[in-house]
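Written out below as structure tokens is the structure these notes cover.
Proteins get letters first, then strands, A, B, ... in listed order; numbering begins at 1 in each. Just so you know, these numbers use all the heavy atoms, side chains as well, and skip hydrogens, waters and symmetry mates.
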There are 2 protein chains.
Amino acid sequence: MHTNILIVEDDMAIREMMAFSLKREGFDAIKAASGHEALEQLNQVHPDLIVVDWGLPDMSGIDLIDSIRRDEVIKEVPIIMLTARSEEQDKIKGLERGADDYLTKPASMLELMARIRAHLRRSKGFETSHKLTYQDIEMDASAHEVKVNELAVNLSLTEFKLLKLFLQNPNKLLAREHILNHVWGRNTFVEDRTVDVHILRLRKALKPHARDKWIQTVRGIGYKLASM
Amino acid sequence: MHTNILIVEDDMAIREMMAFSLKREGFDAIKAASGHEALEQLNQVHPDLIVVDWGLPDMSGIDLIDSIRRDEVIKEVPIIMLTARSEEQDKIKGLERGADDYLTKPASMLELMARIRAHLRRSKGFETSHKLTYQDIEMDASAHEVKVNELAVNLSLTEFKLLKLFLQNPNKLLAREHILNHVWGRNTFVEDRTVDVHILRLRKALKPHARDKWIQTVRGIGYKLASM
DNA sequence: CGACTCCATGACAATATCGTCACAAATATG
DNA sequence: CATATTTGTGACGATATTGTCATGGAGTCG
């Protein structure tokens, strides 16, 4: 079976050396020299792991990670950041923003390979059960079913996606911006207020079967799923 | 929700420092000073993540990893190795043998915390909450929650940001100028006195649940969060 | 002890934000 | 094709939040 690894690195020498090492180890290397090239590649292939250089000619590696993590399809892919800087703050920023690992250049190819294998070992056999629950709310994402207190609830598609997002982030505050990106997608132009209306509809749909106030309003920011 | 982290480290100073940092960030730290102590602990609790020192008095950290990975119940737990040696061969051996990550001592606590959160994000499927605490005050920024003495406190957005700034700089004197820049932003035109009013409101909000005087006035300059 | 500066506090008006409804357009359903 | 359902948006009243001011009190200094 093929294991595809995407290398995003503008320095040709390093890029080719990494590709060579990867092939030596039996992986398939996909190459990109810039952030936009990487995004183009990602429209075609869904790699098993991505190695990203911090400093790219057109965008920061962090921005690229943001884009990937916001894409519903590929957001689960492990990402290893690579950088010439060794400042601790960069490392921490990278890890906080969604990178899974962080290496400082000049990186040892052997260590990079070892870390790649460690991450792949994890993500293989990664089976997400499509059941999500929070208290009395049960969702079977693959069957597109929602139950509250064992009673089936009928939700429109948007309401369903909205509830799914909440169930994936229980007790977390979700900004309207964030909700828009994840439920409607990044390139759609929808008013902020629209979120409110759909929250209202979701609340109405959940209300009959259970106690109210599952979705709380955080004034000035957004909403969160929480028990009061 | 509790997130248990097992620290396996024979050096007491390092072990306690790590435990302290973990608690500060809202994790529950379990401690073990040797391999056998670790295995005993693992019979009782199933931690969400394990930090293992390479050199233990009774067994090598690698042997401990082997034991863990052979146990059907806990073998999935993420493991971060920590070592005084920086030899590349050790790193690679550790990663090949089942560690998920590898840090060289003296490790920065901030980097360790960032990596811990990155691994938990993977294994738990969502962001771990990032907590700030100072004495009886607890703030979970991602959930937008503040508790004083375990009791929830309702804060407006400005009050929340203000308290967050204080919690990020405990015991530090913050000038009004500085507060304005960080809470209101650099390009907003707000009177200095406005800070005073919001300090007042924040004090009022915190007061009912706990002893007063957390936020002290420093005449002529600003305020600071400090215990008297 | 004055004289002065600086801060705490309450009141208030302006503003921002939210919940809700109604409606029209888009889409699905039969 | 006719009829539901879903979806996005504007409007508007209710409510929370916010910035500013006025006032009195506390702190500081010679």
Side-chain angles (χ1 to χ4, degrees), chain A residues 144-146 152-166 173-208 212-226 228, chain B residues 144 146 152-166 173-208 211-226 228:
Chain A
H144 210 269
E145 268 178 357
V146 177
V153 177
N154 226 4
L155 295 182
S156 79
L157 183 58
T158 312
E159 288 153 17
F160 186 86
K161 287 197 232 172
L162 193 52
L163 179 58
K164 184 175 169 192
L165 180 62
F166 278 118
L173 168 60
L174 302 179
R176 282 192 181 70
E177 179 77 17
H178 188 261
I179 294 176
L180 282 174
N181 282 336
H182 282 77
V183 174
W184 279 262
R186 255 164 305 141
N187 301 323
T188 42
F189 304 97
V190 177
E191 297 293 321
D192 271 20
R193 317 261 86 247
T194 300
V195 176
D196 300 19
V197 179
H198 282 275
I199 292 281
L200 171 71
R201 289 168 180 163
L202 181 54
R203 278 174 173 161
K204 273 187 184 168
L206 295 179
K207 189 169 182 178
D212 205 354
K213 280 301 151 200
W214 260 328
I215 300 169
Q216 291 176 31
T217 307
V218 177
R219 198 164 241 271
I221 307 188
Y223 299 88
K224 69 170 177 173
L225 177 67
M228 309 207 42
Chain B
H144 207 264
V146 176
V153 177
N154 225 4
L155 296 182
S156 81
L157 188 55
T158 312
E159 288 153 19
F160 188 88
K161 288 196 227 169
L162 194 52
L163 178 58
K164 187 173 170 191
L165 180 63
F166 278 118
L173 169 58
L174 302 179
R176 284 193 180 70
E177 180 76 16
H178 187 259
I179 294 176
L180 281 174
N181 281 337
H182 282 78
V183 173
W184 277 264
R186 242 161 284 272
N187 302 322
T188 42
F189 306 96
V190 177
E191 297 291 323
D192 269 22
R193 314 267 95 241
T194 301
V195 176
D196 300 19
V197 179
H198 282 275
I199 292 281
L200 170 71
R201 289 169 180 163
L202 181 54
R203 278 173 172 162
K204 271 188 185 169
L206 297 179
K207 189 169 180 180
R211 66 186 139 168
D212 205 353
K213 280 302 151 199
W214 261 326
I215 300 169
Q216 293 177 28
T217 308
V218 177
R219 207 178 160 78
I221 308 187
Y223 300 88
K224 70 170 177 174
L225 177 67
M228 327 201 28

*Could you give the start and end, 5' to 3', of the contact zone on DNA chain C for chain B, using atoms under 4.0 Å from its heavy atoms?*
C:dT5 to C:dA11
*Which atom of B:L202 lies closest to which atom of B:F166, heavy atoms considered*: CD2-CD1, 4.5 Å
_Side-chain donor or acceptor of B:T194 paired with backbone N/O of B:V190 under 3.5 Å_ = no
*A:I199 near the nucleic acid: base, sugar-phosphate alone, or nothing, with a heavy-atom cut-off under 4.0 Å?*
nothing
*Just by distance, do the side chain of A:R201 and the backbone of A:E159 share a donor-acceptor pair under 3.5 Å?*
no
*NA contact type, B:F160, heavy-atom cut-off 4.0 Å: base, sugar-phosphate, or nothing?*
nothing
_Give me the atom names and distance for the closest heavy-atom approach of B:A205 to B:N154._
CB-O, 4.4 Å
*Can you find a pair of side-chain heavy atoms, one from A:V153 and one from A:F160, that are under 4.5 Å apart?*
no
*asked:* Quick one, B:R203 and B:W214 - any side-chain contact, counting heavy atoms below 4.5 Å?
replied: no
*Report the end-to-end axis angle of the helix from C:dC1-D:dG30 to C:dG30-D:dC1; each axis comes from five terminal pairs, and the value is rounded to 10°.*
40°
*asked:* Counting the atoms with a prime plus P, OP1 and OP2 as sugar-phosphate, which does A:T194 contact under 4.0 Å by heavy atoms, base, sugar-phosphate, or nothing?
replied: base
*Is there side-chain contact between B:H144 and B:L157, with heavy atoms separated by less than 4.5 Å?*
yes
*Side-chain (A:H182) to main-chain (A:H178) donor-acceptor, under 3.5 angstrom*: yes
*Work out which heavy atom in B:R176 is nearest to a heavy atom in B:D192; give both atom names and the distance.*
CD-O, 3.8 Å
*If every non-hydrogen atom of A:W184 is compared with every non-hydrogen atom of A:V195, which pair is closest and at what distance?*
CZ3-CG2, 4.2 Å
*Nucleotide range of DNA chain D lying under 4.0 Å from chain A heavy atoms*: D:dT6 to D:dT17
*Report the residue (B:R219 or B:Y223) whose heavy-atom-nearest nucleotide on DNA chain C is the more 5′ of the two.*
B:R219
